[in-house]
Amino acid sequence: MKVLTAVGARPNFMKVAPIIAAINRHNDGADDAIRHVLVHTGQHYDAAMSGAFFTDLQLPAPDVWLGVGSGSHAVQTAEIMKSFECVLAAERPEFVVVVGDVNSTMACAVVTAKVAWDCAGARPRVVHVEAGLRSFDRSMPEEVNRVITDHVSDLLFVTEESGLHNLESEGIPSDRIHFVGNTMIDSLLAFKDKAEASPVLKQLGFRTRAGGVSDYALLTLHRPSNVDDPDAFLDILAGLNDLGHECPIVFPVHPRTRQRIKEFGLRPEANGMRVALIDPLGYLDFVAVMKHARLVVTDSGGIQEETTCLGIPCVTVRENTERPVTVEHGTNTLAGTTAPQIRAAIRRQLQRPAEAVAPEKWDGHAAERIVDVLVRASAAPAKARAERLAIDGRRPGFTVDANVPEAIPA
Ligand code: UD1
């Protein structure tokens, strides 16, 4: 059995690390060892956005580096697809695992779903980890990536119950779907104690002499809708002003956001708000800063989940979330994006007691469940393929035989 995992951008790395670790545990003394190939598209390429995560999460160096870099969505996606098709042809894996919702996820899934090794259409099976999440907002590039990836996937691994309902309502057959939990939380639980050794809190001046931690808030912003428009960005900063007078705000700045701050000539600290703009943090440093924050303000998807498990109040600067469990059961609240909304949400969340919640199956074992399903699916490939053809065969006028071209004349 050969598994190829494709990663590309920062939020992918913590989602695949536990899967690779679970494959290694499976291989320990097993007769049916899994061969694993790690492909990095190069969507994120800086040490701060990529390299540091490989070290912190103890990931192996990628076997293949595509080096696609930045570009418009079309250019970046096309470059990944062109290069990834060659890798697939050379590696011929049985499964291609993609995670999350970034351009690399969608590009690699689509390529895999469309290759054919023979005239019967034999190809690797597409495995989507973190399937079924929906913000129902198609203006988000990630939402488009999620929908496309799910609809070309053969195995869909879901992190929360809403994902099951979403996939069911979109007509994805239930035997392709597995509710396994959250591999990003597997990483958090595996590394949160190690993160305590990070020197970052001392470097930022938050460690007290008595060994405690003083009050501060953590801010991350990078969504195009929040940072690409100067008025939207300024309104968010206005909403943070009161908080920045109450306690210091640490702001690890994403490269996209850094570019916009420069371009728009913004000075977040201009009206007396205490805010420290720092470079993006590595995984362990970021977990350390998040774990001890009084409050987190963010527009990220994953941070809503991590703060839920850590019990840190979170204010999400968006109109919607594809992760409703973090609001229904966790510590997250959806603020909206205007200054008064953000101010009010921050006030509410500062009153809230810290309380860690573990949504169903967010127990540190999601990756083991995934590897288990892959091993079982590999043992029954013929059956799975017959089922897939039977499902596709429900289309009127389509039969399995009709899909196999006649012999090509010499
Ligand atoms: C991507 C994902 C987003 C994810 C985010 C996490 C898509 C559509 N979006 O957005 O879902 O939450 O990553 O970071 O896939 N850049 C660098 N160094 C790097 C990478 C990027 O400087 O290592 C700069 C480039 O100038 C680039 C910009 O950041 O233009 C944006 O990078 P890109 O990967 O296109 O999208 P993100 O905004 O990072």
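Order of appearance sets the numbers: ligands from 1, and atoms from 1 within every ligand.
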Next item on the list: Would you tell me which option among Met106, Gln259, His254, Gln76 has the nearest heavy-atom contact to atom 14 (O) of ligand 1?
Entry: His254
Notebook entry, point to check: Counting only heavy atoms not in Glu355, do more than 12 fall under 6.0 Å of its CD?
Noted result: no
Checklist line | Rounded distance [0.5 Å steps], OG in Ser378 versus CZ in Arg125 | finding: 7.0 Å
Checklist line | Atoms in ligand 1 with a heavy atom of Met49 nearer than 4.0 Å | finding: 14 (O), 19 (C), 23 (O)
Margin query: Is the contact between Pro11 and ligand 1 made by the side chain, the backbone, both, or neither, using heavy atoms and a 4.0 Å cut-off?
Written below: side chain
Checklist line | Distance, nearest 0.5 Å, that separates CD of Glu142 from CD of Glu322 | finding: 8.0 Å
Notebook entry, point to check: Considering distance alone, does some N or O of Asn145 sit under 3.5 Å from an N or O of ligand 1?
Noted result: no
Checklist line | Of Glu161, Glu306, Glu130, Glu328, the residue whose pairing with Arg323 passes salt bridge (Lys or Arg N to Asp or Glu O under 4.0 Å) | finding: Glu130
Item checked: Residue, atom name and distance, where the atom is the protein heavy atom closest to atom 2 (C) of ligand 1 -> Val102 CG1, 3.6 Å
Note to self: For the 3.5 Å polar cut-off, considering only N or O atoms, please tell me whether Gln43 and ligand 1 meet it.
What the structure shows: yes
Next item on the list: Could you please spell out the steps behind the side-chain hydrogen bond (donor to acceptor under 3.5 Å, both in side chains) verdict for His329 and Thr308?
Entry: CA-CA 8 Å; His329 301 289; Thr308 283; over 6 Å; no
Next item on the list: Consider every N or O of His73 and every N or O of ligand 1, then say whether any pair is closer than 3.5 Å.
Entry: no
Notebook entry, point to check: Going by distance alone, is a donor N or O of one side chain under 3.5 Å from an acceptor N or O of the other, for Ser214 and Thr208?
Noted result: no
Margin query: Minimum distance, heavy atoms only, to atom 28 (C) of ligand 1: which one of Arg260, Arg258, His222, Arg256 is it?
Written below: Arg256
Margin query: Within ligand 1, which atoms have a heavy atom of Glu142 less than 4.0 Å away?
Written below: 3 (C), 9 (N), 11 (O)
Next item on the list: If the plane angle is over 60° it's perpendicular, under 30° parallel, otherwise tilted; pick one for Phe233 and Phe264.
Entry: perpendicular
Notebook entry, point to check: Between Phe13 and His40, what is the ring plane arrangement, given parallel below 30°, perpendicular above 60°, and tilted in between?
Noted result: tilted
Next item on the list: Starting from atom 32 (O) of ligand 1, locate the nearest protein heavy atom and write down its residue, its atom name and how far away it is, to 0.1 Å.
Entry: His44 NE2, 4.1 Å
Check: In a check of side-chain contact (heavy atoms from CB on, under 4.5 Å) between Val297 and each of Thr316, Leu218, Leu243, which one passes?
Finding: Leu243
Margin query: Counting only heavy atoms, tell me which of Asp46, Asn103, Asp228, Thr220 gets closest to atom 8 (C) of ligand 1.
Written below: Asn103
Check: Of the protein's non-hydrogen atoms, which lies at the shortest distance from atom 27 (C) of ligand 1, and what is that distance?
Finding: Ser70 OG, 3.4 Å
Next item on the list: Provide, to 0.1 Å, the distance between atom 17 (C) of ligand 1 and the closest protein heavy atom, together with that atom's residue and name.
Entry: Tyr45 OH, 3.3 Å
Next item on the list: Output the list of atoms in ligand 1 that are nearer than 4.0 Å to some heavy atom of Pro255, sorted by atom number.
Entry: 16 (N), 17 (C), 18 (N), 22 (O), 24 (C), 29 (O)
